[in-house]
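Okay, so here's the structure we're looking at.
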Amino acid sequence: MAGRFEGKVLFVTGAARGQGRNHAIRFAQEGADVIAVDVAHDVETVGYPGATRADLDETVRLVEALDRRIVASVVDIRDRAGLLTAVDEGVAQLGRVDVVSSNAGIATFAPAAEMSEEMWRTMIDVNLTGQFFTAQAAIPHLIRQGDGGSIVFTSSTAGLKGMANLPHYSAAKHGLVGLARSLANELAPHRIRVNTVHPTNVDTVMIQNTETRALFGGPDVSREEFAEAATPMNMLPIPWVDVDDVTEALMYLSSDAGRFLTGVSLPVDAGMSQK
């Protein structure tokens with residue numbers, strides 16, 4: 001199915017590494033140019049290191065190696081003005097935007113009774129408000145173009161069920177479902193489809209760090225021990241999915257194969273949401 005996105009432009013947040021980088025590369029392999037943004041520094045309250053400018057530059061190199069164009073900017077998705085500028089500049093150079101992958105996000109952990117105000121506010125600002133700003137930056141271009149488009153918010157299995165030590169994360173990820181369903185109704189007359197994708201654990205830095213592993217037996221838990229401890233979270237006997245699994249869902253929702261899907265919450269969760 002090479003060329004599914006020939007002549008299209010992907011706008012992806014959190015593009016410096018992990019799921020965001022994989023989305024950028026895979027879409028480029030299928031013909032898309034890319035507008036990429038990432039905060040490219042550590043985020044307050046988050047216990048694992050953030051991506052760097054060097055990471056974002058590597059995403060640029062990998063996309064350009066596929067002979068596709070990419071416009072990359074260092075932007076915090078909490079910065080509405082910065083996102084508007086990044087998308088406007090990307091469209092000015094690449095001509096349009098067709099697919100929005102609102103992918104950037106953070107994970108932190110604390111029981112509700114012990115959670116600081118800063119941890120709560122940072123989570124909601126990044127994982128919910130920043131997603132709204134991402135969509136806001138792209139919607140005027142999608143409407144102006146007049147030929148439809150796709151917006152996909154990366155939610156989580158925690159956007160379908162509650163999880164201990166993640167009340168702020170689950171609230172934000174549930175909020176994305178309501179946001180997507182509202183936008184799906186609002187934008188349907190313009191043939192712009194809006195959906196959410198809900199992964200289980202994904203094999204990226206967001207889970208492969210000492211803070212997360214500490215929840216499964218301590219910071220010195222090995223990758224293999226972590227995998228064994230995480231497997232029971234899912235219905236299928238796997239500890240996590242790969243970035244490609246999430247990218248495939250994004251591509252399905254954003255391609256002609258998913259042209260009549262809007263307002264959908266698509267789990268890529270090895271059955272976690274049903275367990």
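- Looking only at atom types and distance, the side chain of Asp76 has no donor-acceptor partner in the side chain of His41 under 3.5 Å away.
- The nearest pair of heavy atoms linking Ile106 to Tyr48 is CA-OH, 3.5 Å.
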Side chain to side chain donor-acceptor pair (under 3.5 Å) evaluation trace for Ser254 with Ser150
CA-CA 5 Å; Ser254 301; Ser150 169; 2.9 Å; yes
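- Ion pairing between a basic and an acidic side chain is recognised when a charged N comes within 4.0 Å of a carboxylate O; Arg26 and Glu248 show such pairing.
- Residues His198 and Ser156 bring no donor and acceptor atom of their side chains to less than 3.5 Å of each other.
- Taking all atoms of both residues into account, the shortest heavy-atom contact from Ala28 to Val63 is CB-CG1, 4.0 Å.
- At most 12 non-hydrogen atoms from other residues, nucleotides or ligands lie less than 6.0 angstrom from CZ of Arg121.
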Could you check Thr13 against Asn103 for side chain to side chain donor-acceptor pair (under 3.5 Å), going step by step and ending with a plain yes or no?
CA-CA 5 Å; Thr13 62; Asn103 161 79; 5.2 Å; no
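- In terms of modelled atom types and a separation under 3.5 Å, the side chain of Asp245 and the main chain of Val241 share no donor-acceptor contact.
- For residues 159-169, the pairs satisfying side chain to side chain donor-acceptor pair (under 3.5 Å) are Thr108-His168, with sequence neighbours left out.
- Looking only at distances, no side-chain donor or acceptor of Asn234 sits under 3.5 Å from a matching main-chain atom of Gly271.
- In terms of heavy-atom proximity, Thr59 sits nearest to Ala24 at CG2-CB, 4.1 Å.
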Could you walk me through whether Gln131 and Ser102 pass the side chain to side chain donor-acceptor pair (under 3.5 Å) test, one step at a time?
CA-CA 6 Å; Gln131 315 305 314; Ser102 187; 2.5 Å; yes
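- Panel note: side chain Thr204, backbone Met206; a donor-acceptor pair is recorded below 3.5 Å.
- Taking a cutoff of 4.0 Å between a charged side-chain nitrogen and a carboxylate oxygen, Glu44 and Arg78 qualify as a salt bridge.
- In this structure, Thr231 and Pro237 approach most closely via the heavy-atom pair CG2-C, 3.8 Å.
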Going through the checks in order, is the side-chain contact (heavy atoms from CB on, under 4.5 Å) test met by Thr212 and Asn209?
CA-CA 6 Å; Thr212 303; Asn209 62 78; 3.2 Å; yes
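- In the hydrophobic clustering of this structure, Phe226 groups with Met272; members are Ile, Leu, Val, Met, Phe, Trp, Tyr whose side-chain heavy atoms approach within less than 4.5 Å, directly or through other members.
- For the side-chain hydrogen bond (donor to acceptor under 3.5 Å, both in side chains) with Asp33, the qualifying choice from Arg69, Arg96, Gln93 is Arg69, the only one to do so.
- In plain terms, the two heavy atoms of Gly263 and Ala184 that are nearest each other are N-CB, 3.7 Å.
- Follow the hydrophobic side-chain contacts under 4.5 Å out from Val9 and you never reach Phe5; the two are in separate clusters.
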From CA spacing to verdict: side chain to side chain donor-acceptor pair (under 3.5 Å), Thr52, Asp55
CA-CA 5 Å; Thr52 65; Asp55 292 325; 3.2 Å; yes
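- Residues Ile192 and Thr262 share a closest heavy-atom pair of O-OG1, 4.4 Å.
- A single hydrophobic cluster is seen to contain both Met123 and Val39, as judged by linkage of ILVMFWY side chains at heavy-atom distances under 4.5 Å, directly or through other members.
- Around atom CD of Glu228, no more than 12 heavy atoms belonging to other residues, nucleotides or ligands sit under 6.0 Å away.
- Applying the side chain to side chain donor-acceptor pair (under 3.5 Å) test to every pair with at least one member in residues 173-195, sequence neighbours left out, gives these pairs: Ser170-His174.
- Side chain of Asp256 to main chain of Arg259: no donor-acceptor pair is present (N/O by atom type, distance under 3.5 Å, no hydrogens or angles).
- In terms of hydrophobic clustering, with Ile, Leu, Val, Met, Phe, Trp and Tyr side chains grouped at heavy-atom distances under 4.5 Å, Val74 and Val34 are assigned to different clusters.
- Paired with Gln19 under the rule side-chain contact (heavy atoms from CB on, under 4.5 Å), one option of Asp244, Val246, Asp203, Val12 passes, and it is Val246.
- Hydrophobic cluster membership is shared by Ile77 and Leu176, with clusters built from Ile, Leu, Val, Met, Phe, Trp and Tyr side chains linked at under 4.5 angstrom.
- Comment: Glu64 does not engage Arg68 in a salt bridge, judged by the lack of any side-chain N to carboxylate O separation of less than 4.0 angstrom.
- The pair Glu58-Arg61 meets the salt-bridge criterion, since a charged nitrogen lies less than 4.0 angstrom from a carboxylate oxygen.
- When each of Val91, Val71, Val37 is paired with Phe11, the side-chain contact (heavy atoms from CB on, under 4.5 Å) condition holds for Val37 and for no other.
- Counting non-hydrogen atoms of neighbouring residues, nucleotides and ligands closer than 6.0 angstrom, the CD atom of Glu6 exceeds 12 such neighbours.
- With hydrogens and angles disregarded, a donor-acceptor distance shorter than 3.5 Å links the side chain of Ser255 to the backbone of Met251.
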